[in-house]
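First up is the structure itself, then whatever we jot down about it.
Atom set for the values below is all heavy atoms of this structure, side chains included, hydrogens, waters and symmetry mates excluded. Note that the structure is predicted; figures quoted are calculated from it, not measured.
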Amino acid sequence: MRRSGNFIHIEALWSALAVMSLAILFLPACQPVPVSVKKGRSSFNIGNCVWVIDRPCPDSDIRFYLFTRSNPDDRQYIHIDESWEQSNLSTSYFNPSHPVKVIIHGYNADMFLTPLINMKGEYLARANYNLFYVDWSDLAHGPCYPSAVHNTRHVGKCIGQLVQRIIDAGTDNIHLVGFSLGAQVTNYVSTTVRPFRLKRITGLDPAMPLFITAAADDKLDPSDAEFVDVIHTNALVQGKIERCGHVDFYVNGGILQPGCWSSGQNPMACSHHRAPDYYAESIRSLTGFWGWSCQSYVYYLLGFCPQNNLQVVAGEDCPSGTEGMFLITTNPASPFAIGRWAGFSLPQKKDSVLHKHGLNRDPFISDIDQWGKLDSSFNNVDHFPTAYSQDPNQDNDEWPYFNHIGTNELTKEHIRTILEQDKSRLGGDRLPPATSTLATTIATLAPPSDNDIDDAFYLQDLRRRLQQKEASVMQRYTMPMFNAH
């Protein structure tokens with residue numbers, strides 16, 4: 001009986017094969033399609049969401065594109081495989097003598113996210129770079145956040161293969177820049193290329209959902225590179241509140257960003273995307289995103305982190321080896337950078353409820369929260385303009401802002417830049433007479449020469465002008481109308 005059953009089974013199998021052969025013979029002519037057979041299940045779908053289970057790299061859903069000064073506008077597709085010979089780096093615009101930047105987008109985005117593409121223009125205007133853009137949008141589209149998080153490990157593995165080929169070319173000057181979920185991907189790149197240690201990773205508001213309790217090898221942390229710097233702009237919502245790097249910068253409190261409540265836009269999404277906005281501006285900013293030191297976020301909330309002189313610049317020029325937590329304030333619109341804190345802080349508005357009754361703030365609250373972090377308007381868009389505003393046209397004041405240098409730290413180069421800015425703005429060869437608000441001891445100044453700049457007169461005059469400008473701005477924003485409700 002068993003033999004008869006086997007015979008029937010074999011006969012059925014042969015019949016099925018015959019039917020399949022006939023079907024293939026009668027199929028219409030078409031181009032051959034490559035077929036790859038992978039062991040196990042490569043992925044499965046739940047609705048539109050792709051869950052990668054067992055895929056090798058390279059993966060057609062994870063693509064690499066290269067921009068350089070030789071092809072600043074036309075991206076070049078880079079094929080990366082298991083060996084240098086199977087990859088096309090050697091026939092691309094890639095130059096191993098130039099620094100490498102690998103830029104990784106996050107959830108529900110792609111490589112063309114505006115601030116990420118802005119980085120391309122800023123970098124290539126600054127110097128020669130190999131800019132590799134990773135596009136893994138097919139594995140990270142909405143509304144599939146859980147599957148996108150699941151896929152980060154596989155994406156990191158494939159980017160790790162790119163890093164290995166770059167190392168094969170003879171360079172280790174590799175800097176990963178990841179935004180949101182892309183910042184968490186950098187962790188898996190790091191674990192893939194071990195024992196090689198990446199030079200630098202920059203995390204731009206690393207994603208928080210599903211990473212709160214993740215282990216060290218499943219989230220961005222200081223062990224992932226020789227230097228890890230992180231910018232927080234939407235903590236507790238889309239980004240992480242906890243420190244993730246050797247140095248963490250919390251911009252405008254790190255939760256909500258000024259200027260993100262206008263035009264009906266989503267303030268959370270706007271705040272989250274400010275991280276790459278700030279970073280893109282930092283690449284060539286003369287002003288710089290300078291943060292002052294703070295012991296912890298709890299100290300910040302309790303008002304124990306006043307502005308101080310222990311300052312570090314964030315972004316592209318953040319010094320390698322910097323450690324700690326730093327706080328940054330910005331303008332509500334581009335250009336965002338304000339520069340160094342130079343010895344004074346802007347006044348805070350009085351508490352509206354107490355002010356209605358002619359009272360000042362509660363003394364206890366004032367002691368523990370002198371910076372207003374516990375006010376209902378904390379981190380709201382209602383910010384004062386700053387003495388460091390980069391807009392030279394406020395009140396028709398033709399003033400070349402360079403306050404971030406500090407009035408006692410002007411150098412010959414800074415003075416030359418200030419005077420040349422005056423000249424270029426006015427379109428002439430001579431500077432205008434001083435206004436009544438910014439009186440100077442001379443009516444006009446000739447274009448600077450090397451000998452002129454060495455003259456102590458120019459140094460003293462410019463310092464005086466800077467000090468007068470700071471005083472005038474402070475006077476404007478301490479007027480009674482700014483404390484009215």
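Cation-pi geometry between K120 and F67 is met: under 6.0 angstrom from the ring centre, within 45 degrees of the axis. Figure legend: R165 and W84 shown without cation-pi pairing, the cationic atom not lying both under 6.0 angstrom from the six-membered ring centre and within 45 degrees of its axis.
A donor-acceptor pair shorter than 3.5 Å cannot be found between the side chains of T171 and N173. In this structure, a donor-acceptor pair under 3.5 Å is absent between the side chains of N71 and Q76.
Annotation: H141 is not in aromatic contact with Y107 [ring centroid separation under 6.0 Å not met]. For F64 and F132, the ring centers are positioned 6.0 Å apart or more. Between H154 and Y188, a ring centre-to-centre spacing not shorter than 6.0 Å is recorded.
Scanning all heavy atoms of the two residues, the minimum distance from L116 to Y133 falls at O-OH, 2.5 Å. What you find for A207 and Q184 is that their closest heavy atoms are O-NE2, 2.8 Å. Nearest heavy-atom pair across H232 and C244 is CE1-SG, 4.1 Å. Summarising the geometry of W136 relative to T152, their closest heavy-atom pair is CH2-CG2, 4.0 Å, with the distance given to 0.1 Å.
Between H175 and Y279, the angle of the ring planes goes over 60°, which puts this pair in the perpendicular group of the 30/60° scheme.
Under a 4.0 Å N-O distance rule, the pair R274/E281 does not qualify as a salt bridge. Ion pairing between D61 and R55 holds under the 4.0 Å rule for side-chain N and carboxylate O. Using a 4.0 Å cut-off between charged side-chain N and carboxylate O, D224 and R200 make no salt bridge.
Applying ring-ring contact (aromatic ring centres under 6.0 Å, His included) to Y250 and the options Y297, Y278, W292 leaves one that passes, Y297.
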Practice task
Check the pair F179, H272 against ring-ring contact (aromatic ring centres under 6.0 Å, His included), reporting the backbone distance first and the verdict last.
Solution key: CA-CA 9 Å; F179 168 49; H272 191 45; 4.9 Å; yes
